[in-house]
> 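Below is one structure. I have some questions about it.
In this chain, numbering begins with 1 at the start of the sequence shown.
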Amino acid sequence: MVWITFESEIPSQIKNMVQEYNGVWTSIFTQFFANMKIEKIEFGGINGYNSNDWSGK
């Protein structure tokens with residue numbers, strides 16, 4: 001699992017986009033997030049696929 005924290009709040013229009021495209025990643029999403037600055041990225045469950053350890057590393 002990956003947690004991405006952006007510097008600014010994600011605009012509310014993302015909800016409509018997810019519903020319109022059924023949650024499928026498209027070039028529209030790429031363009032939407034292209035100029036958003038990432039504050040941090042955390043990884044969980046990196047001890048293997050079947051690991052129960054979901055803590056950030």
Side-chain angles (χ1 to χ4, degrees):
M1 179 155 312
V2 178
W3 293 273
I4 301 174
T5 304
F6 294 95
E7 287 183 356
S8 301
E9 186 174 327
I10 297 173
S12 60
Q13 70 192 60
I14 189 69
K15 182 178 179 182
N16 293 335
M17 290 173 54
V18 170
Q19 291 173 342
E20 181 178 345
Y21 295 101
N22 298 314
V24 176
W25 190 267
T26 67
S27 61
I28 303 297
F29 286 95
T30 303
Q31 292 171 357
F32 182 84
F33 286 103
N35 294 319
M36 295 187 71
K37 293 186 179 183
I38 294 173
E39 182 177 314
K40 67 180 176 177
I41 300 175
E42 296 178 273
F43 298 92
I46 60 172
N47 292 326
Y49 182 77
N50 294 321
S51 174
N52 291 325
D53 179 7
W54 291 91
S55 60
K57 304 292 181 206

> The test is side-chain contact (heavy atoms from CB on, under 4.5 Å); show your working for Val24 and Phe29 and say whether it passes.
CA-CA 9 Å; Val24 176; Phe29 286 95; over 6 Å; no
> Could you give me the CA-CA distance, side-chain angles and deciding distance for Ile38 and Ile4, then say whether side-chain contact (heavy atoms from CB on, under 4.5 Å) is met?
CA-CA 7 Å; Ile38 294 173; Ile4 301 174; 4.1 Å; yes
> Rounded to the nearest 0.5 Å, what separates atom CD1 in Ile28 from atom OH in Tyr21?
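Atom-to-atom, Ile28:CD1 and Tyr21:OH are 4.0 Å apart.
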> Quick one: CD on Gln31 to OG1 on Thr26, what's the gap to the nearest 0.5 Å?
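It comes to 8.0 Å.
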> Could you grab the distance from atom CE of Met17 to atom CG of Asn22, nearest 0.5 Å is fine?
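Interatomic distance, Met17 CE to Asn22 CG, rounded to 0.5 Å: 13.0 Å.
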> Between OG of Ser8 and CE of Met36, what distance do you get to the nearest 0.5 Å?
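That separation rounds to 6.5 Å.
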> Evaluate side-chain contact (heavy atoms from CB on, under 4.5 Å) for Phe32 paired with Gln13, printing each intermediate quantity in order.
CA-CA 10 Å; Phe32 182 84; Gln13 70 192 60; 3.3 Å; yes
> In terms of relative ring orientation, are Phe33 and Phe6 parallel, tilted or perpendicular, with 30° and 60° separating the classes?
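Phe33 and Phe6: parallel rings.
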> In Å, rounded to the nearest 0.5 Å, how long is the span from OG1 of Thr5 to NZ of Lys40?
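Those atoms lie 5.0 Å apart.
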